[in-house]
Amino acid sequence: MKTRFKIETPEFKGPFDIELTIGSGQTSQPAWQKNGKYFQELVFVDNKPCLVKIAHKPNSDDPIDIIAESKEDIEKEHIKARIMEIFGLNDDLPKLYDFLRNDPNLEPTIDFCKGLRLFKANNLFESVICSITSAHNSIRQWNKAINLLKEKFGDKYKFSSGTFYSFPSPQVLANAPEHEFDEEECGPELLKTRASWKDLRSCRVGYRSKYIIKASEMVQSEIDLQKINQMDYETAFDTILKIPGVGPKVGDCILLYGYGFGKAFPVDIWISRIVAKLYFDGKNVSNPKMRKFGIERFGNYAGYTQLYLFHYARKSGLMKTLKK
DNA sequence: CGCCAGGACTACT
DNA sequence: AGTAGTCATGGC
């Protein structure tokens, strides 16, 4: 079936900039593929594969334009609900902006990030592996690596506008070879020509391949990702940190983008720099203290505050001066 | 060549 | 509880 429908502006509150949201480097899932004015990706609705195309004139009153394509019939309302969830369209941005305006340090981020929303994960496991792979990696390289993982280990789905791959299951990644062939065995030339070998290292995840395998094993046994949904934030944090490759920053990313814990405040190098400048007079503050500060000061808006500060710090040019 | 990328882990005090 | 060294890989 192929359906086309719209999400009208009264159905979501405040501005929406889809290109900014998709391209802001949120580690829930790679950026959606751009095709003309549409962004497109394979999404699972009611466990059925569905190609979603979405377009919207940034920060306008125009409705959001959506085309959905699937073999099996899927209820339109279910597709809409998934899209609303993935792009944070249930979040009340005017209310967030009222909150940000209350703090002179945060007020400048509003105009700069207008329409930026949380970009939520397609599934919990994907958010775990995506966030693990993002650690000590560039956003570009991280995007490439995840797309390689999907191509080599995911399931293939063909649609009229292209071929897409699902994110691989924990079973598949747990059994993926780490490095079937290395340079010592077959030499650099053969390694190049055989770039499609199905091992994790060929996905360019580097030393994180060990974490990916162990994490995939763990979510099949001792850790039930679904169960974390019902935990309070701090218990969820302690639980997710048991997964190898998941430290405080990655854990908070999973809790924010995967589970939607609004309190999560991922502290990375950029947040550390800008929060130190804005709230600690430029002094060095440890990451745990920084995290505690964010949670206590920003409460349920901590996640969005972090998102806005992160984007502001990176793109405004403000940080060049103090990037010692 | 060296340095950095939305850090985590290990091995130390 | 806090602190250096190390970890693949690619871009600049």
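So you know, we letter chains A, B, ... as the sequences are listed, proteins then strands, and number each from 1.
- C/dT9 atom C1' lies 17 Å from atom CH2 of A/W142, rounded to whole Å.
- When the side-chain nitrogen and oxygen atoms of A/R314 are compared with OP1 and OP2 of B/dA5, none of them lie within a distance under 4.0 Å.
- Among B/dG7, B/dA8, C/dG11, the nucleotide with an atom closest to any side-chain atom of A/R140 is C/dG11.
- No option in A/L225, A/I129, A/L124, A/V128 other than A/V128 meets the side chain to side chain contact (heavy atoms under 4.5 Å, CB included) test with A/I254.
- Taking atom CG on A/L241 and atom C1' on B/dA8, their separation rounds to 10 Å, with Å as the unit.
- Atom-to-atom, CZ of A/R273 to C1' of B/dC4 comes out at 10 Å; the value is rounded to the nearest Å.
- Under 4.0 angstrom from either OP1 or OP2 of C/dG10 there lies at least one side-chain N or O belonging to A/R204.
- Taking atom CD1 on A/I243 and atom C1' on B/dC9, their separation rounds to 16 Å, with Å as the unit.
- Here the two rings, on A/F261 and A/F237, have centers that are 6.0 Å apart or farther.
- Distances from the side chain of A/Y207 to the nucleotides B/dA5, B/dA8, C/dC7 place C/dC7 closest.
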Practice prompt. In sequence, state the C-alpha distance, the side-chain angles, and the governing distance for A/R291 and A/E234, and then conclude on salt bridge (charged side-chain N to carboxylate O under 4.0 Å, His left out).
Written response: CA-CA 12 Å; A/R291 172 171 175 267; A/E234 287 299 341; 3.5 Å; yes
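- One finds no salt bridge joining A/K48 and A/D73 here, because no Lys/Arg side-chain nitrogen approaches an Asp/Glu carboxylate oxygen to under 4.0 Å.
- If you check every strand for non-hydrogen atoms under 4.0 Å, A/V205 touches nothing.
- Between C/dA8 and B/dA11, the two P atoms lie 15 Å apart (nearest whole Å).
- Side-chain proximity of A/I269 to B/dA8, C/dC12, B/dG7: nearest is B/dG7.
- Between A/K144 and C/dA8 there is no side-chain polar atom (N or O) within less than 4.0 angstrom of OP1 or OP2.
- As judged by a 4.0 angstrom heavy-atom cut-off over every strand, A/I139 is placed among the base-contacting residues.
- Between A/G245 and A/P266, it is A/P266 whose nearest contact on DNA chain B lies nearer the 5' terminus.
- A cation-pi geometry, defined here as NZ or CZ lying under 6.0 Å from the six-membered ring centre and within 45° of its normal, does not hold between A/K120 and A/F87.
- Nucleotide B/dA8 holds its P atom 10 Å from the CD1 atom of A/I254, rounded to whole Å.
- Residues A/H311 and A/L116 share a closest heavy-atom pair of CB-CD2, 4.1 Å.
- B/dC9 and C/dG10 have their C1' atoms separated by 23 Å, with the value rounded to a whole Å.
- The side chain of A/Q141 lies closest to C/dT9 when the candidates are B/dG7, C/dT9, C/dA8.
- Side-chain N/O atoms of A/Y211 and base N/O atoms of B/dG7 include no donor-acceptor pair closer than 3.5 Å.
- The CD1-C1' distance, from A/I271 to B/dA5, rounds to 16 Å in whole Å.
- Within 4.0 Å of A/P288, counting heavy atoms only, lies no atom of the nucleic acid at all.
- Distance NZ (A/K249) to C1' (B/dA5): 11 Å, rounded to an integer number of Å.
- The distance between atom CD of A/E178 and atom P of C/dT9, rounded to the nearest whole Å, is 10 Å.
- The side chain of A/R201 places an N or O atom within less than 4.0 Å of a non-bridging phosphate oxygen (OP1 or OP2) of C/dA8.
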